[in-house]
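Numbers restart at 1 for each chain; the letters A, B, ... are given by sequence-line order, proteins then strands. Hydrogens, waters and symmetry mates are skipped; everything else that's a heavy atom, side chains included, is used.
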Amino acid sequence: MGSEEFQPVQGMSDIASPDIAVWQLLEQQARGVFARYGFSEVRTPLVERKSVFEHSLGDTTDVVQKEMYQFEDAGGRALVLRPEGTAGMMRHLAGMGQDAANARVYYIGPMFRRERPQAGRKRQFHQCGAEAIGETNAHADAEMIALQAHLLKEWGLQQSVIKINTRGAAADRAAVQRGMQEKLSAHRERLCDDCRRRLEVNVLRVLDCKNPGCREIVRTLPPMTAFMSDEARTYLEEVLRVIRRLELSVDVDPNLVRGLDYYQHTVWEISHPGLGAQDAVGAGGRYEISMGNRTLRGVGFAMGLERILMALASEKKTPEPAPLHGIWLVSLDHALLDIHLQLAQMLRMRGLDCGLDLNGRSVKAQMRAAGKSGARWVILHGAAEDEKGVFQLKDMLDGTQREVTMVELLEQLQR
RNA sequence: GUGGGUGUAGCUCAGUUGGUUAGAGCGUCAGGUUGUGGUCCUGAAUGUCGCGGGUUCGAAUCCCGUCACUCACCCCA
């Protein structure tokens, strides 16, 4: 077992072969989909001023209150490692003036939250997300959900479930909160300890409590939408109508709540049955975020890449082994290593994958390495070949081998 | 922040009621006569039994602490 000093810090991990190949593929596929919808990438810094998150996410959320990695730099500035992607994007867009009016942007990268790690929850985790700025508009919301569903499909996920709800307009919020508080207070004694706390701090969270007793009470309550304006309900209906036109399957869940404060109107969450307790692979919603003297209205979502990977694994969608590919150069005479390395370089400069062993190992060992590397072709070269100016070219697919000149060699390999 | 489970070779794990040089499979490396892979055979290397302390003639096995991993609560992607 490795000692502690070789381990990454708690809740963070090295991503290396073979997983890294899956990560690279997911990212590449995501970039392709985003491009089709006209979104362009923005890479904001991992470090932001603390205030960027305090104002936008909501000062009472756990993410802001206790989960951020924060520190002071030498100049006494209060900085944090970003816990999510949207706020940084809004800071970026707010600085762009009118150019941000119809921005469509996406990001892929690490986020940091000091939570207790568990299945599907790391302290450094990775999200990809998108934001579309614009006035409140049901078509924009539906398109965002469609984009997210498209991503899942591109990645090969089939079992995910989309749940949707509304948080109402900004003006509705107080009424909803007061209404739910009143209704729930009547059952205060029967609520679990957590929910009694939620009653004060964040009433809506009672709605998605997992405790059976609380769920029983919640079932008897009127839906959140009952406390909202007609406008909010109509807006949700409109979003649903457009979504149906796009042939997307979504379930309306009147108890769906999102954690961050900036959400308004449409909110949604995508969960996957193959995950553990942390089963949301992505979530999004419409929001209104103020940055300084500017207010940005938009709709966006984020997806947890670790969770996407877990979901893929649970659907057993791990990619099949690649077909034989590339070249391995076997040195039959170590005295000729100069020539062999030179040849390998020449092939690589021509765009070919070429491996060789530089440790002077036996031919048998080199052949084993060639087999393990998955190379399609093996070039063997020793003193005899050097004298005749030829190479042995072996096809690892069928095991056949023939003697070729340099010209023939290149012709075959570059085909 | 709270609670449960687990920590033995690179990986997956055995290790009997505490007993002397701690094991297996996989992987790695080497060999199976002259310069050839994937199968097969043979052999080899590798462990402060997570760390610290305690009990004992004796601890990988029992006790305490600690760290890490893991699952759940909480929170959230």
Please state the [atom1] separation for the pair [N] and [M] - nearest whole angstrom.
N	M	atom1	answer
G65(B)	U28(B)	P	43 Å
G18(B)	C29(B)	P	42 Å
A60(B)	U17(B)	C1'	16 Å
G50(B)	C69(B)	P	16 Å
U48(B)	A22(B)	C1'	14 Å
C49(B)	U21(B)	P	14 Å
A59(B)	U55(B)	P	11 Å
G47(B)	C13(B)	C1'	15 Å

Check your understanding: Can you find a donor-acceptor pair, distance only, under 3.5 Å between Gln401(A) side chain and U36(B) base?
Key ->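 It does, because a donor-acceptor pair links the side chain of Gln401(A) to the base of U36(B) below 3.5 Å.
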
Check your understanding: Could you state the interatomic distance from CZ (Phe301(A)) to CG (Leu151(A)), rounded to the nearest 0.5 Å?
Key ->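 So the gap between those two atoms works out to 5.0 Å.
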
Check your understanding: How long is the gap from OG on Ser13(A) to CD on Glu306(A), to the nearest 0.5 Å?
Key ->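 So the gap between those two atoms works out to 7.0 Å.
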
Restricting to nitrogen or oxygen on both sides, can you table the protein-nucleotides 37-39 of chain B pairs closer than 3.5 Å?
from   : atom 1 : to        : atom 2 : distance (Å)
G37(B) : O4'    : Met367(A) : O      : 3.4
G37(B) : N7     : Lys394(A) : NZ     : 3.4
G37(B) : N1     : Met396(A) : O      : 3.0

Review point. What is the nucleic acid contact for Gln148(A), judged by heavy atoms within less than 4.0 Å: base, sugar-phosphate only, or nothing?
Key: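 Result for Gln148(A) = nothing.
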
Check your understanding: Where is the tightest heavy-atom contact between Ala277(A) and Lys210(A), given as atom of each residue plus distance?
Key ->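 The pair with the smallest heavy-atom distance is O-NZ, 4.1 Å.
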
**Study point:** Where Tyr107(A) and Ala302(A) come nearest, the two heavy atoms and their spacing
**Key:**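 Residues Tyr107(A) and Ala302(A), closest heavy atoms: OH-CB, 3.6 Å.
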
Pairing check on [N]: which nucleotide meets the Watson-Crick or G-U wobble criteria with it, both distances under 3.5 Å?
N	value
G18(B)	none
U34(B)	none
G27(B)	none
A60(B)	none
C73(B)	G1(B)
U48(B)	none

Review point. Is there a donor-acceptor pair closer than 3.5 Å between any side-chain N or O of Glu315(A) and the backbone N or O of Gln158(A)?
Key: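 Yes; at least one donor-acceptor contact below 3.5 Å.
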
Review point. Ser362(A) side chain N/O closer than 4.0 Å to the phosphate oxygens (OP1, OP2) of A30(B)?
Key: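 No, no such contact exists.
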
Check your understanding: Just how far, in rounded Å, is C1' of A30(B) from CG of Asp357(A)?
Key ->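 In whole Å, A30(B) C1' and Asp357(A) CG are 14 Å from each other.
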
Check your understanding: Within a strict 4.5 Å, meaning less than it, do heavy atoms of the Asn211(A) and Asp194(A) side chains meet?
Key ->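 The answer is no; the side chains never approach within 4.5 Å.
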
Check your understanding: Hey, does Leu81(A) have a side-chain heavy atom less than 4.5 Å from the side chain of Met68(A)?
Key ->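 With C-beta onward as the side chain, the pair stays apart.
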
Check your understanding: Do other residues, nucleotides or ligands put more than 12 heavy atoms under 6.0 Å from Gln414(A) CD?
Key ->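 Above 12, so yes.
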
Study note, to complete from the structure: A correct 5'-to-3' footprint of nucleotides 69-77 of chain B, with B, S and - meaning base, sugar-phosphate only and no protein heavy atom under 4.0 Å, is S-SBBBBBB

Check your understanding: What orientation do His265(A) and Tyr235(A) show, parallel under 30°, tilted 30 to 60°, or perpendicular over 60°?
Key ->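 Rings of His265(A) and Tyr235(A): tilted, as their planes differ by 30° to 60°.
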
Review point. Can you list every ring pair (Phe, Tyr, Trp, His ring centres under 6.0 Å) pair that touches residues 184-211 of chain A, not counting sequence neighbours?
Key: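 The answer is none; no pair qualifies.
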
